[in-house]
Structure formats: C-alpha cells, structure tokens
Amino acid sequence: MKICRYDDNRLGVVDGADVLDVSAVLQELSSCRYPLPHHDMLVEALPRLLPAIEAMKPRAKRTPVDAVKLLAPVANPGKVIAAPVNYTKHLQEVLGDANLHHDNQINHIERAGLFLKAVSSLEGMSRGVELSHPERRNDPELELVAVIGRVAKNVDVADALAYVAGYCIGLDMTIRGPEERSFRKSPDTYTVLGPWLVTADELPDAGALDMSLHVNGEVRQRANTRDLILGVPQLIAFASSFYTLHPGDLIYTGTPEGVAAIKAGDRLVGTIDRIGTLDVRIVGGAQ
Ligand code: MN
C-alpha cells in the first residue's frame with residue numbers, strides 16, 4: 001500500500017493516478033497528552049489500522065494525485081538518521097574534490113558512523129526547498145529512506161528488515177562547507193521526504209532498486225541500491241547498536257555519486273524504482 005499525507009493533513013492511499021481519502025481512520029489514533037511520545041503515532045499504529053484503511057477504500061473519495069499537495073508521509077519522526085558516505089563511488093568523488101570534503105575528515109562509513117538531521121528540516125515535496133544560504137554551494141542528495149516500524153535496539157542484521165514499516169524517497173539537501181554535517185544539512189526544508197510511504201510488504205527487497213535524479217531534465221545521479229556499502233539491514237543493525245529506534249524514525253541511506261550544485265528555480269525530479277517520483281522545486285531564500 002502507498003500511504004500519503006496531503007493538503008490539510010489528510011491521510012490518503014495512492015491507487016493508480018488517484019488518492020483515496022482515508023482520513024477518517026486517524027480518529028482511531030489515541031489522543032495524547034504532554035509529554036508527547038518519541039515516536040510517530042501513525043506509523044506505530046499502522047499494523048492495526050491497515051485492515052480498516054483497506055475496508056474504507058471502495059467508498060473513499062478519489063482525487064487525482066496531481067491535484068493534491070503532498071506532505072511528508074511521516075509527520076513526526078523522533079529522529080532523522082542519515083548515512084554519510086555509503087556508496088563507494090561517492091566516497092571516491094568526495095575524497096577527490098576539496099569542494100566536497102572541505103578538509104573535513106572523510107572516513108569509511110563504519111569508522112565515520114551515522115549522523116542526525118534536525119526533524120524541523122523535514123518537508124514533503126509540494127513545499128519545495130527554500131535555499132538557506134543561496135550564496136553558498138547547495139547540493140541535493142537523492143537517497144532511499146527506510147521508515148522504522150517498531151522499537152528496535154541491538155537488532156541483528158538477519159532480523160533487521162522485520163523492523164521496517166516501509167520506504168520513501170528522500171532528498172538530503174546539503175550546504176557544502178567546513179561545518180559539522182548536521183548543521184549544514186538541517187536548515188528548514190532541507191530534508192525532503194515523499195512522495196508517499198510504500199509499505200514493506202510491497203517492497204520485500206529494497207536492495208536492488210534503480211534510482212535517478214534529474215535537475216532541469218538533465219541526469220545528475222543514476223545508481224542502484226545494490227551498490228550501498230551498508231544496506232538497509234546493516235544500517236538498522238548499526239544505528240540500533242547506538243540508538244533505540246522508534247516507529248517513524250527515518251534512515252536516509254546515503255547518496256550515490258554525481259552530487260552537484262543547484263540554484264533557485266531548479267526543478268529536481270528524483271525517481272526510485274517501485275516507490276515513485278519526487279518532483280521538487282528549489283525556491284530562493286533570503287540571504
Ligand atoms: Mn546524504
């Protein structure tokens with residue numbers, strides 16, 4: 001099932017070229033009081049809500065996908081975890097270009113570890129990316145994103161896929177420069193997620209998906225997730241050996257080679273096989 005959030009926080013199921021409005025199922029979520037939980041309540045409840053969503057589909061209101069504003073499919077992740085250099089060719093590209101590494105120490109991912117992006121940087125594709133420092137080099141990084149479905153701590157690689165709720169496409173927007181990654185990658189709108197969440201039952205093997213990023217119609221990145229240094233199971237095992245993972249936590253799996261600068265006005269189209277296409281505008285920001 002392809003689950004989306006759209007317009008004024010409606011919940012939808014994508015069926016071909018249409019969105020089916022299943023927002024009524026959100027009433028099943030427990031109301032919560034301060035302090036709020038560290039997880040996304042919808043993703044946590046999804047296993048028990050899916051039968052009700054399925055039952056609502058035949059009578060649900062249909063709207064063309066093209067006519068709605070797609071929001072981030074996960075509204076309240078507790079963490080946005082990201083892999084730094086997780087494709088060999090991208091590692092080589094970064095090591096060979098001072099404009100990319102800026103004398104930051106670049107290590108193999110198992111030495112570098114993972115990093116966190118601010119959850120306030122999360123946006124869906126309809127919003128567009130608002131450049132934070134347009135005078136500096138800004139790069140889009142196309143990434144497969146795994147959404148955690150249940151609490152995970154010290155998970156074995158062999159069991160890790162059982163903790164995945166589904167997959168999305170992500171853009172890890174990045175200001176190049178000498179500062180810490182989390183600082184350069186966390187301005188508002190710099191973590192794009194969409195277009196919807198494909199539940200894991202539809203995508204049992206996310207380890208062999210073609211992906212591409214076009215900017216203004218020209219291909220910038222073209223790769224396959226089989227070339228990930230650490231695949232989704234290994235990333236979940238690695239991350240959960242440090243953090244407890246909660247439902248709704250996002251793992252941005254890293255970007256392949258072909259990073260390059262973008263500017264205000266550009267149109268980014270990122271596609272991952274069997275998930276869909278992100279279509280994102282870059283809008284100018286105040287300097
Ligand atoms: Mn990245």
Side-chain angles (χ1 to χ4, degrees), residues 72 74 77 79-97 99-102 104-123 125 129 131-133 136-148 167-194 206 209 211-215 220-225 227-232 234-236 238-239 243 249-262 268-272 275 278 280 282:
V74 180
K79 293 188 283 303
V80 179
I81 301 164
V85 274
N86 200 19
Y87 286 85
T88 301
K89 287 180 186 167
H90 177 56
L91 175 61
Q92 292 162 349
E93 165 182 76
V94 172
L95 289 173
D97 186 346
N99 289 318
L100 295 178
H101 62 67
H102 283 269
N104 282 327
Q105 191 177 5
I106 304 297
N107 278 316
H108 189 279
I109 184 168
E110 285 169 276
R111 279 176 57 85
L114 306 174
F115 66 96
L116 296 169
K117 299 187 66 158
V119 293
S120 54
S121 65
L122 188 67
E123 277 292 352
M125 74 177 213
V129 170
L131 293 180
S132 166
H133 284 271
R136 291 179 55 174
R137 176 171 167 174
N138 278 266
D139 289 8
E141 297 187 348
L142 180 70
E143 312 199 0
L144 171 72
V145 180
V147 181
I148 295 297
Y167 299 92
C168 305
I169 304 174
L171 283 177
D172 171 19
M173 296 302 303
T174 303
I175 300 172
R176 298 292 171 200
E179 303 95 336
E180 292 287 341
R181 278 192 180 91
S182 64
F183 189 56
R184 294 182 283 108
K185 290 169 174 273
S186 289
D188 297 352
T189 74
Y190 271 48
T191 304
V192 184
L193 188 71
L209 302 176
M211 56 200 282
S212 65
L213 176 68
H214 288 75
V215 178
R220 291 282 181 86
Q221 294 184 293
R222 192 184 290 285
N224 187 288
T225 57
D227 295 325
L228 283 163
I229 296 170
L230 297 184
V232 171
Q234 289 82 7
L235 287 169
I236 290 171
F238 193 26
Y243 320 118
D249 281 1
L250 306 175
I251 301 183
Y252 279 64
T253 58
T255 202
E257 69 279 9
V259 295
I262 47 85
L268 276 49
V269 176
T271 297
I272 300 185
I275 300 179
L278 272 185
V280 178
I282 305 296

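For this chain, numbers begin at 1 and follow the sequence in order. Whatever order the structure lists them in is the order used to number ligands and atoms, beginning at 1.
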Evaluation steps, side chain to side chain contact (heavy atoms under 4.5 Å, CB included), between Val259 and Glu141: CA-CA 7 Å; Val259 295; Glu141 297 187 348; 4.2 Å; yes
Atom name, Asp172 (N, O or S, nearest to the Mn ion (ligand 1)): OD2
Look up atom OH in Tyr190 and atom OG in Ser120, then write down how far apart they are to the nearest 0.5 Å. 13.0 Å
So which of the N, O or S atoms of Glu141 lies nearest the Mn ion (ligand 1)? OE1
What is the name of the N/O/S atom of Glu143 that is nearest to the Mn ion (ligand 1)? OE2
May I ask you to say whether Asp172 pairs ionically with Lys117, meaning some side-chain N is under 4.0 Å from a carboxylate O? yes
Any luck finding a side-chain donor-acceptor pair between Lys185 and Thr174 under 3.5 Å? yes
